[in-house]
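Note that the structure is predicted; figures quoted are calculated from it, not measured. Scope of the values below: all heavy atoms of this structure, side chains included, with no hydrogens, waters or symmetry mates.
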Amino acid sequence: MATIRIMPLDIRHGDFAQLAALRRAQVREDFPQWPLWDPEVTRACLRTSNPLTTVENWVGVVDNRIVAHADMILPRKHNVDTAHVEAIVHPRVRGHGIGKILYRHLRVRAQRAGRSRMLTSAVSNYDDSEFTRNAAGDGFCRSCGMSEVLRSYRRRLDLDTLAEDTRARLRDECAGRCGEYEIITWQDRAPDDIVEDLAYLQTRMSTDAPRGNVRWETTPVDVSRWRGVETMALRRLRTTYYAAALSRETGKAVAWTSLLLNKRPRTHATQQATIVDPQHRGHRLGLAVKLANLDAACEKEPELRYVLTENAEENPHINAINGSLGFEICDVLTTFEDKLD
């Protein structure tokens, strides 16, 4: 194989059709039940980054063809000792050392940025799943001496299997437990009167969500940062559906969840965060907001068929909720840590 060149991605004029094709090839090879990447969405996602991070994108080029892509996200305000990295290699050229070249390149870049650790993730098989995974990435991380710090389950819900009588039974179960709360839904931009409550709950995600052995400092979220995330999602050509539980006594939002769809394909959605304020747990609010959000998304998205989600292995409460809705475990996503000092 010809020599590979590692080059910075031209974020303005890069070949996003090639990048999307690379991503599609990875999905087909490694986890084929996941949605395929669209060139326009790929371009929008790579051009739009969180203003509180520095992002580097690199491509591996052989004979003027992009055969690999790597990105590195460097937080600038919190967890500034960390570099988050992802690297993919086209299945046709794996086994030629390209992964090692990218790995060494990213390691040097992270060290130059003053980081003491890199975090990355890789997929492997779940023993009881009907789906088979290419676990080459998992094996690569272990061969490089990285440490496993968190195991998560990636799940998929086939909405065609979520019978209406099951939904009705779950709604009745919630109604009997959360009469003190009002469930509301919206799209893309939160109502002004509850956005501060939502930002507070999002801050709790950095402290309450199980993270295994991943060291993570609290990441404060204020209204400005919440609105920035909403804007970033729109610029990435994403539609986001939200549901929240409001206390009838105070009017405050005490739980929320979100579900996003890329502009293409509309057949798949990704279940994002779900959080309930500790003082209001035990009322089935997590299930209630998820159900309401699914109902709202399905009403407006006639093509929607699958919902994807990811939860830590050590999060039994959310895993139980997902199980009751019919989410099937597809594979294991392992987070690895590479210490750089």
Salt-bridge test for [X] and [Y]: reply yes if a basic N is under 4.0 Å from a carboxylate O, no otherwise.
X      : Y      : value
Arg155 : Glu328 : no
Asp277 : Arg204 : no
Arg227 : Asp192 : yes
Arg142 : Glu148 : yes
Arg167 : Asp295 : yes
Arg117 : Asp338 : no
Glu310 : Arg154 : no
Asp208 : Arg281 : yes
Asp63  : Arg5   : no
Asp81  : Arg115 : no
Arg151 : Glu313 : yes
Arg238 : Glu230 : no

Least distance between heavy atoms, [X] atom then [Y] atom:
X      : Y      : answer
Asn79  : Thr219 : ND2-OG1, 3.7 Å
Ala296 : Tyr241 : O-CE2, 4.4 Å
Leu285 : Ala245 : CD2-CB, 4.0 Å
Ser206 : Thr218 : OG-CA, 3.6 Å
Leu102 : Ala70  : CD2-CB, 4.0 Å
Cys174 : Leu291 : SG-CD1, 4.2 Å

Without swapping roles, check the side chain of [X] against the backbone of [Y] for a donor-acceptor pair under 3.5 Å.
X      : Y      : value
Arg248 : Gly179 : yes
Thr53  : Asn50  : yes
Ser129 : Cys330 : yes
Arg264 : Val41  : no
Gln18  : Ile66  : yes
Ser124 : Ala135 : no
Thr48  : Ala44  : yes
Asn293 : Tyr242 : yes
Asn262 : Pro265 : no
Thr203 : Pro220 : no

About how many Å separate OG of Ser147 and CG of Asn213, when rounded to the nearest 0.5 Å?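 If we round to the nearest 0.5 Å, Asn213:CG and Ser147:OG are 9.5 Å apart.
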
How far does CD of Glu29 sit from CG of Asn134, to the nearest 0.5 angstrom?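 Atom-to-atom, Glu29:CD and Asn134:CG are 5.0 Å apart.
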
Using a 4.5 Å cut-off on heavy atoms from C-beta on, say whether the side chain of [Y] contacts that of [X].
X      : Y      : result
Phe336 : Leu119 : no
Ile194 : Leu246 : yes
Thr270 : Leu259 : no
Arg305 : His268 : no
Arg47  : Arg236 : no
Val59  : Val67  : no
Val276 : Val289 : no
Phe31  : Asp331 : yes

Counting only heavy atoms not in [X], do more than 12 fall under 6.0 Å of its [atom1]?
X      : atom1 : answer
Gln279 : CD    : no
Glu173 : CD    : yes
Glu217 : CD    : yes
Arg94  : CZ    : yes
Arg92  : CZ    : no
Asp10  : CG    : yes
Lys77  : NZ    : no

Please determine whether side-chain contact (heavy atoms from CB on, under 4.5 Å) holds for the pair Ile101 and Ile6, giving the CA-CA distance in whole Å, both sets of side-chain angles, and the decisive distance to 0.1 Å. CA-CA 8 Å; Ile101 293 171; Ile6 306 299; 3.9 Å; yes

Applying the 4.5 Å side-chain criterion to the ILVMFWY set and letting contacts propagate, would [X] and [Y] be lumped into a single cluster?
X      : Y      : result
Leu170 : Leu157 : yes
Val61  : Met72  : no
Leu234 : Leu198 : no

List the steps, then state whether side-chain contact (heavy atoms from CB on, under 4.5 Å) holds for Glu337 with Thr120. CA-CA 7 Å; Glu337 180 181 71; Thr120 192; over 6 Å; no

Which of parallel (below 30°), tilted (30 to 60°) and perpendicular (above 60°) describes His84 and Trp216?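 Answer is perpendicular, since the angle exceeds 60°.
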
Over 60° means perpendicular and under 30° means parallel, so tell me whether Tyr103 and Phe140 are parallel, tilted or perpendicular.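 The arrangement is perpendicular - the two ring planes meet at more than 60°.
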
Stepwise side-chain contact (heavy atoms from CB on, under 4.5 Å) test for Asn125 and Val332: CA-CA 6 Å; Asn125 286 303; Val332 175; over 6 Å; no

If you look only at pairs with a residue in residues 36-72, which of them pass as a ring-ring contact (aromatic ring centres under 6.0 Å, His included), with sequence neighbours excluded?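 Qualifying pairs: Trp58-His105.
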
Step by step, would you call Thr257 with Gln271 a side-chain hydrogen bond (donor to acceptor under 3.5 Å, both in side chains)? CA-CA 8 Å; Thr257 191; Gln271 170 68 55; 2.6 Å; yes

For the pair Met118 and Arg107, evaluate side-chain contact (heavy atoms from CB on, under 4.5 Å) and give the outcome as yes or no after the intermediate values. CA-CA 8 Å; Met118 292 197 311; Arg107 218 170 185 276; 4.2 Å; yes

Check whether the side chains of Arg133 and Gln33 place a donor and an acceptor atom closer than 3.5 Å, and report yes or no.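 Yes, because at least one side-chain N or O of Arg133 sits under 3.5 Å from a partner of the opposite role on Gln33.
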
Is there a side-chain hydrogen bond (donor to acceptor under 3.5 Å, both in side chains) between Asn322 and Asn311? Walk through the geometry before answering. CA-CA 9 Å; Asn322 288 335; Asn311 298 107; 2.6 Å; yes

